[in-house]
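Computed over heavy atoms, backbone and side chain alike; hydrogens, waters and symmetry mates excluded.
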Amino acid sequence: MLRFVLRRCILVLPSLFGLLLVTFLLIRVVPSDPAMALAGDAATPEQIERLRQQYGLDRPIWEQFAVYVGKVATLDLGESAFSRRPVAVDIAQRLPATLALTFCALAISVFVGVPLGVIAGLTHNAWPDYLLRVFSVLGIAVAAFWFAIMLQLLFSMELGWLPLRGELSPTMQRPPRVTGFMVVDALIAGRFDVFTDALRHLVLPAVTLSLGGLATIVRFTRAGVLDTLQQDFVFYERAMGYRRRRLVWIYVLRNSVTATVTQIGLLFGGLIAGGVVVEAIFDWPGIGSYTVQAILTGDRQVMLAVTLLVGTVYAVVNILIDLVHGLLDPRLMERA
Amino acid sequence: MMPVLSVRGLKVSIRTDEGMAEILDDVGLELERGRILGVVGESGCGKSTLIRAIMGILPRGATIDRGEVWFEGENLLAFSEAELNDQVRSSRIGFIPQDPLLALNPVFKVGTQMLEVMRWHAPDAKDPTGPRGGARRKAHVARLVGLLRRMQVPDPETALERYPHQFSGGQRQRLLIAAALACAPGLVIADEPTTALDVTTQHQILLLLRELVAEFGISLMFVTHDFGVVAELCDDLCVIYAGQTVEKGPVQAILEAPSHPYTRALLACHPDRATTFLGIPGSVPSPLARPPGCLFAPRCTDARTLCLAGRPPQGLAPSGAEVRCVQFA
Amino acid sequence: MIHILRKLSRDLPAMLGLGIVLFVLVLAILGPLLAPYPEDAAASHLTRRLRPPSAAYPFGTDNLGRDIFSRVILGARGALSIALTVVSTAMLIGVPLGLIAGYRGGWVSEGIMRVTDVVLAIPQLVLALALAQLMSPSLESAMLALSLTYWPFFTRIVYAETRRLSASLFVDALRGIGAGTSRIVFLHILPNALSPVIVRATIGLGFTILVAAVLGFLGMGATPPAPDWGLAIAESRTYLPRAWWYATFPGLAILITVMGFNLLGDGLRDIVDPRIRRSR
């Protein structure tokens with residue numbers, strides 16, 4: 001088990017190194033004069049020269065890379081040109097909001113998508129299956145930013161059931177920051193009104209963000225179930241008199257979700273990218289809106305850091321996915 | 001004495017893209033208590049559909065057009081799916097599948113799978129006075145371990161904690177035989193259980209089955225395409241061709257004096273009766289377009305014009321076997 | 001080809017997709033002829049701002065009094081040409097790299113596939129945004145950025161196919177009779193690897209329209225007064241909830257177009273390789 005995990009971690013290292021190299025090249029090589037690019041349009045020649053020395057841009061390129069790797073390793077990601085604070089601090093401040101949103105969206109995708117996918121697979125080529133197939137194509141084809149606006153239009157502006165934007169109503173007082181997760185902090189502070197308010201603010205962004213993943217999970221679970229139902233052991237289990245519900249939801253499902261779990265890993269990229277747009281529309285104070293702000297203000301240090309963060313998260317998530325695979329299917333763990 | 005299992009005039013068809021396929025046309029067989037019945041036929045003759053029809057697990061689009069399946073005095077075709085699951089499968093009819101690797105769920109422990117069946121179908125599963133919960137489960141584990149020991153599975157105590165891929169093919173087949181007997185059924189249906197095994201293992205499994213029939217007081221329906229296996233194991237024989245029973249009777253009588261031209265051709269194909277038959281010239285008529293006369297006539301060396309006129313009736317051959325051929329009508 | 005079309009005609013969802021794709025294609029080519037107010041691509045009529053849908057303006061008018069119905073039709077050309085440019089550029093980069101990596105092996109292959117993995121590991125939108133920003137925001141840099149992030153998908157596919165084919169018997173036989181490398185690769189491997197590439201490209205067209213709309217929405221793509229669907233949705237936000245039609249119809253246009261490409265792509269994939277229902 002431990003060996004399995006370690007092996008996966010080592011396999012990820014070349015990718016992480018490549019990520020460092022790509023980001024380094026992006027920031028140092030693509031702009032003709034990185035110092036000028038870092039300083040911005042309004043900088044004086046002296047400022048540019050100072051930056052050049054400060055960032056070691058007059059040194060040989062491999063030395064610059066070594067320095068860069070060292071800085072990233074110690075979480076020294078530079079300073080945001082916009083907030084004038086270390087990027088690492090800004091990210092730490094905003095990460096919980098994004099994690100909460102991503103987690104809720106993923107939970108919706110999985111806990112709604114898997115059962116729907118199973119139902120579609122069981123009713124292969126009957127109307128629930130057709131309906132769910134149409135739904136899954138729609139879910140992949142819909143533009144998240146447009147869907148978000150439609151939800152706001154209906155549920156916030158017309159019906160007034162749910163708040164329009166932000167993670168807390170302006171009239172609410174923020175609970176003291178303990179974990180950074182609004183919902184958890186509200187509970188710690190014993191403020192149930194804040195807790196429900198924060199939950200209500202989560203609904204629309206989480207639903208929007210979950211949509212693409214939900215559709216993908218329905219598709220892959222359906223395909224997995226159809227595949228499994230063809231297997232000999234399903235006939236054997238039926239012949240042995242397995243209870244129908246237990247057969248489907250335990251014995252078939254566990255064989256069917258392997259492809260779905262792989263998809264969840266790939267979905268993470270989509271969730272992060274989708275988060276950028278969804279956070280921007282709902283004014284969600286997370287990494288996504290931070291990224292949009294950085295893009296609009298040309299804050300390169302922040303963009304670089306976000307790219308690194310996302311790449312790393314992606315690598316870590318894929319290690320976790322491999323681990324889940326191993327737990328679901330004992331044969332994989334042994335092969336490694 | 002009433003047979004344990006008796007199938008009469010069974011006809012099953014499946015709706016396909018190209019039309020209705022008559023998989024079974026007229027199948028009849030009897031299995032007497034305590035005996036072993038071999039059901040023999042080439043692949044595609046409808047053997048697996050016959051098993052599925054008896055178990056009540058037909059594929060989608062299949063219908064039973066005609067016939068009866070009598071089991072211990074009850075017509076199984078009148079049972080609902082829920083009744084079959086509750087009262088028949090595992091508890092009264094055990095099943096040994098063809099390929100022991102494909103039949104076991106690869107991602108669950110062997111014990112989990114076998115105990116799942118016992119939880120619902122073991123003799124004490126519906127007994128309100130017996131032990132419950134953990135105690136009942138313990139009793140089930142004990143029975144399984146005893147069975148595995150009887151099946152000569154090495155380390156029966158730890159075997160339940162292992163996964164299917166950690167066993168060899170022969171061991172897996174022994175596990176499945178144990179599973180079929182776990183809930184003490186009266187009838188066991190085996191679907192070519194030795195096909196996927198090497199010859200030595202095959203022989204051991206057949207010996208084991210022979211012993212178990214007497215020991216556990218079961219009746220066994222053994223489906224195969226291999227006459228060698230039939231000669232080694234069975235008491236009675238039922239030969240199926242293109243969805244019809246063409247000859248049935250005691251194994252000894254039929255092997256000594258096969259009456260139906262198809263049976264004769266099959267036996268001629270493998271003189272030492274130990275290898276799989278090589279085949280007969282021509283092919284089985286398509287289930288989509290069955291010819292009007294005797295279904296074997298196109299391949300029969302003795303075919304006459306009478307054979308093409310209509311389906312031949314069942315007749316009694318001198319050997320004592322029931323034969324579907326104009327020669328004995 | 002005819003064989004593929006015949007199979008496709010039996011698949012109802014795929015035919016729906018094909019119909020949508022052809023329809024959008026017609027709109028893209030004949031847009032200015034079909035739109036009731038073709039001059040509304042640029043003109044503004046401040047006297048009829050934000051009118052709700054009516055017979056004269058089926059989708060209503062926008063903040064500058066322009067007919068949204070006309071602008072949705074006119075937007076098809078931009079959306080399709082962005083998608084086609086991006087996907088063909090990505091193919092031009094990705095397919096040769098995949099061929100080289102698959103046929104050559106060794107450190108060349110290893111290097112190419114590592115870079116591919118790294119680029120795939122960063123969400124396309126984030127990378128495209130970063131690239132577009134580095135190259136100064138404009139439609140051209142948005143398109144280039146999207147191409148630079150989409151090629152790895154083609155490299156992956158072509159690599160896998162090339163690997164499979166170059167290990168196959170018929171390529172061995174070709175080597176045996178002394179066929180040159182370029183001959184084998186271009187005349188024998190490439191045509192065989194083409195069908196999965198076409199499937200991916202079809203789905204990629206839909207996906208690119210979606211991402212390009214996001215870029216337009218974030219102000220990193222098309223610039224006013226272009227009749228861009230994403231841009232229109234961005235502009236509409238100021239006028240909500242009053243002018244619900246302003247955001248609704250351009251969004252529906254995106255939805256239907258992308259859905260068309262996806263349905264067609266799924267149908268094509270089922271034909272090209274019915275086995276890989278579970279693949280991405």
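Annotation: side chain of A:F233 is not in contact with side chain of B:P164 (no heavy-atom distance under 4.5 Å). A:L328 is not listed as a side-chain neighbour of B:V107, based on a closest heavy-atom distance of 4.5 Å or more. Between A:M240 and B:E116 the shortest side-chain heavy-atom distance does not fall below 4.5 Å. For the pair A:R243/B:D86, a side-chain contact is recorded, criterion being any heavy-atom separation below 4.5 Å from C-beta on. The side-chain heavy atoms of B:F108 and A:I250, taken from C-beta on, include a pair separated by under 4.5 Å.
Between the side chain of B:N105 and the backbone N or O of A:Y251, at least one donor-acceptor pair lies under 3.5 Å.
For the atom pair CG (B:D99) and CG (A:D232), the distance works out to 6.5 Å, reported to the nearest 0.5 Å. Annotation: the span from B:L104 atom CG to A:Y236 atom OH amounts to 6.0 Å, rounded to 0.5 Å.
Contacts of B:A180 with chain A are made by backbone atoms alone, with heavy-atom separations under 4.5 Å and no side-chain atom involved. Interface remark: B:S91 contributes no atoms to any contact with chain A (heavy atom separation under 4.5 Å). Within the 4.5 angstrom heavy-atom criterion, no atom of B:Q98 approaches chain A.
Just one of B:N85, B:L84, B:I57 meets the side-chain contact (heavy atoms from CB on, under 4.5 Å) condition when paired with A:R238; it is B:I57.
The greatest number of non-hydrogen atom pairs below 4.5 Å with chain B, out of A:R246, A:E237, A:R244, A:Q231, is found for A:R246. In terms of non-hydrogen atom pairs under 4.5 Å with chain A, the most contact-rich of B:M55, B:E81, B:R119 is B:R119.
Taking the six-membered ring where tryptophan is involved, the planes of A:F235 and B:F95 are perpendicular, since the angle between them exceeds 60° and thus also 30°.
Open room surrounds CZ on B:R15; 12 or fewer heavy atoms of other groups in view lie less than 6.0 Å from it.
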Show every donor-acceptor pair shorter than 3.5 Å between a side-chain atom in residues 209-218 of chain A and any protein atom, with sequence neighbours excluded, or say none if there are none.
| residue | atom | partner | partner atom | Å |
| --- | --- | --- | --- | --- |
| A:S210 | OG | A:A206 | O | 3.4 |
| A:S210 | OG | A:V207 | O | 2.8 |
| A:T216 | OG1 | A:G212 | O | 2.8 |

